[in-house]
Amino acid sequence: MFITASCKIASQKMFRLSQGKLFSRGPFGTGRSMQNWEKSKRCIVVAGKGRKIVQRDQGGADARIVAWEAPDGNFRKLFKLGIKPHCFVALRRYKHEFAKRIPERAEQFLEAASTPIEKLKALPYWKELVTIIADSDNWEHGARYYSNGKTMCHSLNYDAEASIYRDTCLKRSGGMLWLSYEEAQHDVNTYKNELFPEIFNDWQPRVLREFRQNGDVVYNLFGHPMRFTPRVRHSIKDIYAANPQSTVAEITHRAVTIVWERIQKERLDWTIFNQCHDSFALNCPEDEAVQANEEVMKPAIEAPLVSTRGEEFQMLSSGMIGDNWGPWHKDKNPGGLVEK
């Protein structure tokens, strides 16, 4: 049995693709969107006998573009050293929560949280801490600290106010993470003034300045314009997000097109069944999974770019292969996607 979805090209901002069921307005609607599934539910999508699911994920792609659009600073340093910003932010923000939950590693979490960025990977226990932080996404909603770190990056890179950031945390945690206004404002101030001041002191003012100079237009890194008009509701956040988000969306569109054309040309028994903002997945024969992952999907999605500052940089991605679409877990889902 297959799940069918209808793609909606023009229903989203920032060049993103939306999906929904077919014939949603009539009595014969079928299928559903394949985007934004809760990870715990994805395991019901199974590759089938003799087949594998392969997914390629840009992972932190919007943030990578922000890092090279802003001057060289702490944010870009994380990418150069191979440290995920969401992991770093979660460590700094929730060090005491991690220490309390895993007391045998309490001193390690507290020490790592005060260690300079360039020395983090030299810590003998750094990889173990990273694994724990990432695994927090499998904890109860209020304790998904990695996801909360991701929320901080996504919200505050685009200058969300404390009240908006607080509401986003509440929504994404299923109502389990409640911050007072004072706590939310403290997070905002720490992010802006201590962690990544280069984003707020240079990049954001430059975006607004160029936006006005260009006649209320933002260009993404492929040179394609997004025009803001009085008839279209938008916020300052939309102006900041326009370049990174539309560039990532376009990278994914291009990658899916490249792979689709390869499938058609070589008549491959591959089916692209999902396209999200920064990732896509396909179903293919088991003995072709490595080829699909490394030789076809990887070069298609890892685009070389040039920032508006004139600096060259490379988008990166991770590939995962599994018997089903859910994330791998040794007990809960041993057949899930494993990074290759």
Legend entry - Other residues, nucleotides, ligands: >12 heavy atoms within 6.0 Å of Trp126 CH2: yes

Legend entry - side chain to side chain donor-acceptor pair (under 3.5 Å) between Arg42 and Asn324, intermediate numbers included: CA-CA 8 Å; Arg42 293 185 178 186; Asn324 66 66; over 6 Å; no

Legend entry - Salt-bridge criterion met for Lys77 and Asp72 (N-O under 4.0 Å): no

Inset, instruction - Establish whether Val188 and Trp178 are linked, either directly or via other cluster members, by ILVMFWY side-chain heavy-atom contacts under 4.5 Å. - result: no

Legend entry - Close side-chain approach of Ile132 to Arg105, heavy-atom, < 4.5 Å: yes

Inset, instruction - Return the minimal non-hydrogen interatomic distance between Ala162 and Ala184, and the atom names on each side. - result: O-CB, 3.6 Å

Legend entry - Least distance between heavy atoms, Asp278 atom then Gly59 atom: OD2-N, 4.2 Å

Inset, instruction - For Trp325 and Ala281, work out which heavy atoms get closest and say how close. - result: NE1-CB, 4.1 Å

Inset, instruction - May I ask you to decide whether Asp187 forms a salt bridge with Arg92, counting only side-chain N to carboxylate O separations under 4.0 Å? - result: no

Legend entry - Side-chain donor or acceptor of Ser136 paired with backbone N/O of Trp139 under 3.5 Å: no

Legend entry - Partner of Trp68 by ring-ring contact (aromatic ring centres under 6.0 Å, His included), out of Phe313, Phe75, Trp203: Phe313

Inset, instruction - Report the distance from atom CG of Leu123 to atom CD of Glu128, rounding to the nearest 0.5 Å. - result: 10.5 Å

Legend entry - Joint hydrophobic cluster, Trp270 plus Ile272, side-chain heavy atoms closer than 4.5 Å: yes

Legend entry - Asn74 and Leu78, any side-chain heavy atoms less than 4.5 Å apart: no

Inset, instruction - For Glu104, look at atom CD and say whether over 12 heavy atoms of other residues, nucleotides or ligands are found less than 6.0 Å away. - result: yes

Inset, instruction - Answer yes or no: does atom NZ of Lys150 have more than 12 heavy-atom neighbours from other residues, nucleotides or ligands under 6.0 Å? - result: no

Legend entry - Gap between atom CG of Leu91 and atom NE2 of His86 - 0.5 Å precision: 14.5 Å

Legend entry - Lys/Arg N to Asp/Glu carboxylate O, Asp323 vs Arg51, below 4.0 Å: no

Legend entry - Derivation and outcome, ring-ring contact (aromatic ring centres under 6.0 Å, His included), residues Phe228 and Phe211: CA-CA 9 Å; Phe228 293 76; Phe211 170 74; 5.5 Å; yes

Legend entry - Glu69 side-chain N/O to Thr308 backbone N/O, donor-acceptor pair under 3.5 Å: yes

Legend entry - Nearest-0.5 Å distance, CD1 of residue Ile133 to OH of residue Tyr146: 9.5 Å

Legend entry - Reported NE2-to-OH distance for the pair His154 and Tyr158, which is rounded to 0.5 angstrom: 7.0 Å

Legend entry - Arg206 with Glu198: basic N within carboxylate O range, under 4.0 Å: no

Inset, instruction - Tell me, with the steps shown, if Lys49 and Glu286 meet salt bridge (Lys or Arg N to Asp or Glu O under 4.0 Å). - result: CA-CA 9 Å; Lys49 186 177 180 180; Glu286 183 174 4; over 6 Å; no

Legend entry - Residue pair Asp135, Thr131: steps toward the side chain to side chain donor-acceptor pair (under 3.5 Å) verdict: CA-CA 6 Å; Asp135 190 56; Thr131 300; over 6 Å; no

Inset, instruction - Measure the spacing between CZ of Arg227 and OH of Tyr219 and express it to the nearest 0.5 Å. - result: 7.0 Å

Legend entry - Atom pair CG/OG of Leu221 and Ser246 - distance to nearest 0.5 Å: 8.0 Å

Inset, instruction - Answer yes or no: is there a side-chain heavy-atom contact under 4.5 Å between Arg101 and His96? - result: no

Inset, instruction - Decide whether Tyr191 and Leu170 are clustered together by the hydrophobic rule: side chain heavy atoms of Ile, Leu, Val, Met, Phe, Trp, Tyr closer than 4.5 Å, transitively. - result: no

Legend entry - Salt-bridge present (Lys95, Glu111; N to O < 4.0 Å): no

Inset, instruction - Without swapping roles, check the side chain of Lys121 against the backbone of Leu81 for a donor-acceptor pair under 3.5 Å. - result: yes

Legend entry - Any Met315 side-chain heavy atom under 4.5 Å of Pro304 side chain: no

Inset, instruction - Answer yes if the ring centres of Tyr145 and Tyr94 are under 6.0 angstrom apart, and no otherwise. - result: yes

Inset, instruction - May I ask you to decide if Thr247's main-chain N or O and Glu250's side chain share a donor-acceptor pair within less than 3.5 Å? - result: no

Legend entry - The single option from Gln55, Gln58, Glu302, Lys298 passing side-chain hydrogen bond (donor to acceptor under 3.5 Å, both in side chains) against Ser317: Glu302

Inset, instruction - Check whether Ile164 and Ile239 end up in the same hydrophobic cluster, where Ile, Leu, Val, Met, Phe, Trp and Tyr are linked by side-chain heavy atoms less than 4.5 Å apart. - result: no

Inset, instruction - Would you please say whether a donor-acceptor pair under 3.5 Å links the side chains of Gln185 and Tyr181? - result: yes

Inset, instruction - Quick one: closest heavy-atom pair of Ile65 and Pro244, and the distance? - result: CD1-O, 3.8 Å

Legend entry - Ser307 (side chain) donor-acceptor with Glu311 (main chain) under 3.5 angstrom: yes

Inset, instruction - Output yes when a side-chain donor or acceptor of Arg56 lies under 3.5 Å from a complementary backbone atom of Met297, and no otherwise. - result: no

Inset, instruction - Inspect the surroundings of CD in Glu107 and state if more than 12 heavy atoms from other residues, nucleotides or ligands are less than 6.0 Å away. - result: no

Legend entry - Side chain proximity check, Thr252 to Gln275, heavy atoms < 4.5 angstrom: yes

Inset, instruction - Could you pull out the closest heavy-atom pair between Gly322 and Leu337, with the gap in Å? - result: N-CD2, 3.5 Å

Legend entry - Minimum side-chain heavy-atom gap Thr271-Leu282 below 4.5 Å: no

Legend entry - Heavy-atom side-chain proximity of Asn193 to Pro197 below 4.5 angstrom: no

Legend entry - Minimum side-chain heavy-atom gap His277-Val248 below 4.5 Å: yes

Legend entry - Co-membership, hydrophobic cluster, residues Leu316 and Val130, 4.5 Å side-chain: no

Legend entry - Lys265/Glu261 salt bridge by N-O under 4.0 Å criterion: no

Legend entry - Taking every non-hydrogen atom, the tightest pair across Asn333 and Pro327: ND2-O, 3.1 Å

